[in-house]
Amino acid sequence: MKIPVMEIFGPTIQGEGMVIGQKTMFVRTGGCDYSCSWCDSKFTWDGTGKSTAMKPEEIIASLKEIGGDAFSHITISGGNPALHKGLGEFISQCHEQGWKVAIETQGSFWQDWLTAIDDVTISPKPPSSLMVTDFNKLDTFMMNLKDSHISLKVVVFNEEDFDFAEMIHMRYPAVPFYLQVGNDDVFTVDDQALVSTLLTRFEWLIDRAMKSTIMNDAKVLPQLHALVWGNKRGV
Ligand SMILES: C[S@@+](CC[C@H](N)C(=O)[O-])C[C@H]1O[C@@H](n2cnc3c(N)ncnc32)[C@H](O)[C@@H]1O
Ligand SMILES: Nc1nc2[nH]cc(C(=O)O)c2c(=O)[nH]1
Ligand code: SF4
Ligand SMILES: [Mg+2]
């Protein structure tokens with residue numbers, strides 16, 4: 001089964017969440033069932049980017065061509081990679097290569113292959129995204145992954161988003177929880193100004209989390225790749 005691939009890149013570091021700093025290759029699929037106002041990867045779903053339909057073995061070959069032997073971890077992102085049934089075969093083939101596989105998804109769409117993933121990041125969307133979470137779907141999604149290595153990651157832009165993050169953490173208290181700084185200027189090429197803004201937002205998010213008794217065991221992180229490379233793609 002073919003998979004729509006927008007880009008394959010790396011090795012680079014995972015800049016976000018539960019395995020931040022991990023050396024990894026990225027496979028970014030096309031298409032999303034959401035349309036977040038501040039999505040930093042809009043080209044995967046707004047028609048401005050072009051995908052290539054690839055078989056699992058073609059993606060494996062491309063990863064080897066681009067990354068050589070200098071990696072052992074793959075991160076699948078998008079778009080929403082969970083829209084693509086064909087990724088199941090790709091994940092098996094990665095494991096046959098001895099690679100670990102991580103995924104970034106928002107928890108809106110289930111695939112049975114999700115239980116085969118080594119690191120699952122689920123990122124429900126706060127009010128500022130203008131998306132509305134279907135909690136029936138998310139509850140089932142979380143239940144299905146109860147024996148997996150998972151985490152929740154909520155992007156926060158404002159106080160209302162923080163309240164949403166607290167609600168999500170309370171709903172799934174046993175799941176490792178990450179707060180992530182929102183980038184509200186995903187097109188600027190002025191890296192210095194962007195980094196300065198992001199660090200100010202990071203400081204605000206740290207302060208806010210420190211005041212919250214609900215966030216006593218949360219982790220607060222920036223997008224490390226944005227601090228290093230700004231809005232550059234393919235890093
Ligand atoms: C581009 S999304 C792709 C995966 C999946 N659709 C999702 O949203 O989880 C990857 C991660 O980037 C986060 N993200 C997207 N736009 C962002 C922004 N402007 N600032 C901070 N994080 C952002 C998402 O919340 C998600 O955790
Ligand atoms: N370095 C790096 N880390 C990331 N973590 C999540 C990413 C994503 O776009 O899903 C991403 C990305 O695009 N680059
Ligand atoms: S769910 Fe993820 S890829 Fe889809 S629009 Fe939102 S941030 Fe972008
Ligand atoms: Mg990104």
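With no hydrogens or angles considered, no side-chain donor-acceptor pair links Thr188 and Asp190 at under 3.5 Å. A side-chain donor-acceptor contact under 3.5 Å links Gln93 and Glu89. Side-chain contact annotation: Asp33 with Gln106, donor-acceptor N/O pair under 3.5 Å present. In summary, the side chains of Thr24 and Thr75 do present a donor paired with an acceptor at a separation below 3.5 Å, with no hydrogens or angles considered. For the residue pair Asp40 and Gln223, a side-chain donor N or O sits within less than 3.5 Å of a side-chain acceptor on the partner. Using modelled atom types and a 3.5 Å distance limit, the side chains of Ser123 and Lys125 yield a donor-acceptor pair. The closest side-chain donor-acceptor pair between Asn231 and Trp229, if any, does not fall under 3.5 angstrom. At a cut-off of 3.5 Å, with distance as the only test, a side-chain donor of Asp161 or Ser128 sits close to an acceptor on the other residue.
In the displayed structure, Glu203 atom CD is contacted under 6.0 Å by at most 12 heavy atoms of other residues, nucleotides or ligands. Applying the 6.0 Å contact sphere to CD of Glu65 captures no more than 12 heavy atoms from other residues, nucleotides or ligands. Under a cut-off of 6.0 angstrom, the local environment of CE in Met143 is sparse, with at most 12 non-hydrogen atoms contributed by other residues, nucleotides or ligands. Sparse packing is recorded around NZ of Lys100, with 12 or fewer heavy atoms of other residues, nucleotides or ligands lying under 6.0 Å away.
Put simply, the side chain of Leu152 reaches to within 4.5 Å of the side chain of Met142, judged on heavy atoms. Side-chain contact between Ile91 and Ile76 is present, with at least one heavy-atom pair separated by less than 4.5 Å. Within the 4.5 Å cutoff, the side chain of His169 has heavy atoms near those of the Asp217 side chain.
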Please determine whether side-chain contact (heavy atoms from CB on, under 4.5 Å) holds for the pair Lys232 and Val235, giving the CA-CA distance in whole Å, both sets of side-chain angles, and the decisive distance to 0.1 Å.
CA-CA 7 Å; Lys232 194 169 149 196; Val235 288; 4.0 Å; yes
Would Cys39 and Trp45 count as a side-chain contact (heavy atoms from CB on, under 4.5 Å) if you check the C-alpha gap in whole Å, the side-chain angles of each, and the deciding distance to 0.1 Å?
CA-CA 10 Å; Cys39 178; Trp45 53 265; 3.4 Å; yes
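Considering all non-hydrogen atoms of both residues, Asn80 and Ser108 come closest at ND2-OG, 3.4 Å. What you find for Leu198 and Gly182 is that their closest heavy atoms are CD2-O, 3.8 Å. For Gly107 against Leu138, the heavy-atom pair with the smallest separation is O-CD1, 3.8 Å. Listed here is the closest heavy atom pair of Ala218 and Leu179: CB-CD1, 4.5 Å.
Lys64 and Asp69 are not joined by a salt bridge, as no carboxylate oxygen comes within less than 4.0 angstrom of a charged side-chain nitrogen. Between Arg171 and Asp139, at least one side-chain nitrogen of the basic residue sits less than 4.0 Å from a carboxylate oxygen of the acidic one, meeting the salt-bridge criterion.
Ring geometry, Phe9 versus Phe26: the interplanar angle falls under 30°, so the pair is classed parallel (tilted spans 30 to 60°).
A side chain to side chain contact (heavy atoms under 4.5 Å, CB included) with Val120 is found for exactly one of Ile103, Val101, Thr115, namely Ile103.
Side-chain atoms of Thr197 come within 3.5 Å of backbone N or O of Ala193 as a donor-acceptor pair. For Ser212 (side chain) and Arg208 (main-chain N/O), no donor-acceptor pair under 3.5 Å exists by modelled atom type. A side-chain donor-acceptor contact under 3.5 Å links Arg28 to the backbone of Gly78.
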Sequence neighbours excluded and cut-off under 3.5 Å, please list the side-chain donor-acceptor pairs for residues 49-62, or say none.
from	atom 1	to	atom 2	distance (Å)
Glu58	OE1	Lys55	N	2.8

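Remark: Lys153 fails to qualify as a cation-pi partner of Tyr178 under the 6.0 Å distance and 45° angle criteria applied to the six-membered ring. Judged by the 6.0 Å and 45° rule, Arg233 forms a cation-pi pair with Phe43.
Judged as a ring-ring contact (aromatic ring centres under 6.0 Å, His included), the pairs with a partner in residues 48-98 (not counting sequence neighbours) are, in order, Phe71-Trp99.
In the hydrophobic clustering of this structure, Val181 groups with Leu227; members are Ile, Leu, Val, Met, Phe, Trp, Tyr whose side-chain heavy atoms approach within less than 4.5 Å, directly or through other members.
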